[in-house]
There are 2 protein chains.
Amino acid sequence: MHSPLRVNGPRLMESIHSTCEFGKAHPYGEHETETGMARLALNDDDKKVREWLIKQVKAVGCSVTIDQMGNIFAVRPGRNKTAPPIMMGSHLDTQPTGGRYDGILGVLAALEALRTIHESNYETEGPIGLINWTNEEGARFPMVTVSSGVWADVVPLETAWNCREVASLSQHSELKTMKEELIRIGFLGETPASYKALPIGAHFELHIEQGPILEDEGQKIGVVTGGQAYSWFEIEVKGQDCHAGTTPLASRRDPLLAAAKMISASNKIARESSGLITTGILRMEPGSINTMAHTVQFTMDIRHPHDEKVSYMVEKCREAFDTIATKDSERGVKVTWKSLTENMAVSFHPDCISVVEKSSEEVCAGLMKESSDKVLWRHMTSGAGHDSCNVSKRCPTGMIFTPTRNGMSHTPDEFCSSEDCILGTEVLMGSVLKYDILRAQQGQLDQ
Amino acid sequence: MHSPLRVNGPRLMESIHSTCEFGKAHPYGEHETETGMARLALNDDDKKVREWLIKQVKAVGCSVTIDQMGNIFAVRPGRNKTAPPIMMGSHLDTQPTGGRYDGILGVLAALEALRTIHESNYETEGPIGLINWTNEEGARFPMVTVSSGVWADVVPLETAWNCREVASLSQHSELKTMKEELIRIGFLGETPASYKALPIGAHFELHIEQGPILEDEGQKIGVVTGGQAYSWFEIEVKGQDCHAGTTPLASRRDPLLAAAKMISASNKIARESSGLITTGILRMEPGSINTMAHTVQFTMDIRHPHDEKVSYMVEKCREAFDTIATKDSERGVKVTWKSLTENMAVSFHPDCISVVEKSSEEVCAGLMKESSDKVLWRHMTSGAGHDSCNVSKRCPTGMIFTPTRNGMSHTPDEFCSSEDCILGTEVLMGSVLKYDILRAQQGQLDQ
């Protein structure tokens, strides 16, 4: 059984690529769409695409509210006009060397769903709409998912407003705050950025997977059941700088060798725990070919779908690093742990997961004829952070993943095929319409 | 049996510390001698200490020759006045954060030996003297042991003259060449810097060990039998930068994890081969907590007293790295080796080793009364490069090591006790006097 409505695929793709004119950068191929993006939050290109978006949603019967963080809420009324809207949210800002799909797909798929619903004169039970969340990337203003964080009351408004842009990405002589830039581009709204002032009935987000699983498995849709817990640490290893030619191995306390063993050990622990541990930064001093380092610092990004497994991995790493520092060849090095951030796992709402599952089934059923009887969707955990993780604290939330070529994102050649963008959009629209019916059946719309 | 001559210990130490006024830096303690040194080759302090040295050697009957590299040759005639002199050589330049003993001890011990010999009216069989080699450290002008290299005809004169100072150590707006600075401080001599123009009968160098072995073993003198072979490499590992939260371990080609395993593997190979392998520099890109690197570069300094063992360790590392790159968890990373330098092992001359052994025996015999019957000297291989390694290519050469506190050098608190400086000086003087007699006995001084 198919969803009765089908989105307009070519129009979706045209919207993605025409709005990518606002901020396109880093060409990597011959075709005009073979470029990346550098649409940093609240810059002139972001202003242009925001103004374009508002025009489009108004054309399909939406009312628009801008909150104090510049989040754009577009709501199309249903039979019931006062219930909290079911929202499709994502973000239009990008990394400085970003691509055309991360965030952008989610917002423009939401627009395409609204256009389809509007054109077909489909009357939903309650209000539905879309959200463009401000500065999700945290690239220009270094706080990721900051504006959904303010909405969910996990980030104070003043902290967010005063967040200052990073120097390397600034085009101004003076570094601007988010509030200054919200004012400059005309997107500082008056409505509080708060789940109390702007309640949401449910939140659905379509996003590229940003990993290789769907592609590797030959599947089309990820039904996201939650977001991983993750903790970040900086580990410092202090040893003794000595001459590489005159210091016997037995006399050494080489912090780089110790760090190398720690990084290997952490990877083994991640494997054994079915989690992820990654070292993305390693620095050493002084850095001379024939002198050992005296100090090495490295980061660890530790993730697992379950909070207690992250704690377990941290504990196992502490034990392993202590052994390396006290019993192994470089014993005597000093190890210090600094916690940088700690994020609990997020579980999406069973009702949201359920409607995404059903919608995925229906949409994928249309493909089954051509392929085998392989199941084309799967449950997944979001590895990365998303606005939906904040939003899920305040309303039922679900996410949908689409395949990502080579698992690559945050790079100009980040790619999701038109076919997959369209499939994902249909799953998103189907999920919202099913949830709309579900909550009516549950009596949530009764006055 | 003691050497008949005893050096003047207090005078030696006074010379060391008074000349360290020329270029002292980096105080680390309360006492006025508790500072390091920053006497970079051919700077104004180097000029001052050179002029002081020339005055001192002339006072003990030496004639002085400055060659085209600013090397100072001071020769005191013996009964035979034409034979190539037996020289005691080292260097007066230091690292930018150097200490008071590396090189300095060797030159001022030589001066103390000449003073002692002169005062006692000891007439040697042939000429003896001292050498101050220019820019041994390679710190200001980035070619280590460059001027003994020119003398030994392993470095072309023009290459050395045109060697330009490193920017971070320059006090000039324009970076100077060695030749420009030799001219500026008045030390560009006319005599060719060549073993042909300035032949040497034998070369002895007293130097701090720069390693922990003597201290750890409670011994006083190292009789150096040669210098290690060493090779330097830069290894590049290229993988795939991916999102730390969304990329399963099985899909990764993490070059940092691969490099960590390679560094661990190289250490194991060094242990099994009784050699040394050190990684002193590791760089990675792009360097973001939640993104794997795409490229890692690290250096390897590989050393062993035997050339073939260095080759063996290189071969074993190539095999181990290939296995990591093709069969281990991060298989698919690309490994590239770049050779930076390759240095054959040096064997010092049996006659030189023999006289140093005998002199060590005699000098240490004086200490035996106070301690047990422990042997206080030992054979050693020089881990670091020294001017003596170049010189040994053109004349019989030997080296003597003294203990170094904590094995630390190239640091302001580098330290060799007065007792050990004096003992080393007596071994140096004794070795030269024994070699002087030996070559007379061998008939080398016969016309």
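Order of the sequence lines fixes the chain letters, A, B, ..., with proteins taken first and strands second; residue numbering starts at 1 for each chain.
- With a 4.5 angstrom heavy-atom cutoff, A/Arg252 touches chain B only via side-chain atoms.
- Residue-environment remark: NZ (A/Lys316) stays at or below the threshold of 12 foreign heavy atoms within 6.0 Å.
- For A/Ile289, the parts sitting under 4.5 Å from any heavy atom of chain B are the backbone and the side chain alike.
- Counting heavy-atom pairs closer than 4.5 Å to chain B, the top-ranked of the candidates A/Asn267, A/Ile263, A/Ile213, A/Thr247 is A/Asn267.
- Here B/Leu276 is the residue among B/Thr299, B/Leu276, B/Thr291, B/Ile277 with the most heavy-atom pairs under 4.5 Å with chain A.
- Contact annotation for A/Ser251: only side-chain heavy atoms (C-beta onward) come within less than 4.5 Å of a heavy atom of chain B.
- Between B/Leu105 and B/Leu206 there is a side-chain heavy-atom pair separated by less than 4.5 Å.
- Side-chain contact of B/Asn343 with B/Thr341: a donor-acceptor pair under 3.5 Å is present, judged by distance alone.
- Partner A/Ser90 forms a side chain to side chain donor-acceptor pair (under 3.5 Å) with one of A/Glu205, A/His386, A/His207 and no other, that one being A/Glu205.
- If you measure heavy-atom distances from A/Glu330 to chain B, the contacts under 4.5 Å come from the side chain alone.
- Evaluated for a side-chain contact (heavy atoms from CB on, under 4.5 Å) with A/Met284, the options A/Val237, A/Leu256, A/Thr295 yield exactly one hit, A/Leu256.
- A side-chain donor-acceptor contact under 3.5 Å links A/Asn390 and A/Thr145.
- Most heavy-atom pairs under 4.5 Å with chain A: of the set B/Phe298, B/Trp232, B/Tyr230, this distinction falls to B/Trp232.
- In this structure, A/Glu342 places its CD atom where only 12 or fewer heavy-atom neighbours from other residues, nucleotides or ligands lie under 6.0 Å away.
- Between the side chains of A/Gln210 and A/Thr404, no donor-acceptor pair of N or O atoms lies under 3.5 Å.
- Heavy atoms closer than 4.5 Å to chain B are found nowhere in A/Asn406, neither backbone nor side chain.
- Heavy atoms of A/Arg303 lying under 4.5 Å from chain B belong exclusively to its side chain.
- Chain A forms the most heavy-atom pairs under 4.5 Å with one residue out of B/Met408, B/Gln228, B/Arg271, B/Gln240, and that residue is B/Arg271.
- Each of B/Gly287, B/Gly275, B/Ser288, B/Ser274 has some count of heavy-atom pairs under 4.5 Å with chain A, and the biggest count is that of B/Ser288.
- Put simply, of B/Ser329, B/Ser382, B/Gly407, B/Ala259, the one with the most heavy-atom pairs under 4.5 Å next to chain A is B/Ser329.
- For A/Glu285, no part lies near chain B; criterion is any non-hydrogen pair under 4.5 Å.
- Comparing B/Thr279, B/Thr411, B/Ile302 by how many heavy-atom pairs each has under 4.5 Å with chain A, the most go to B/Thr279.
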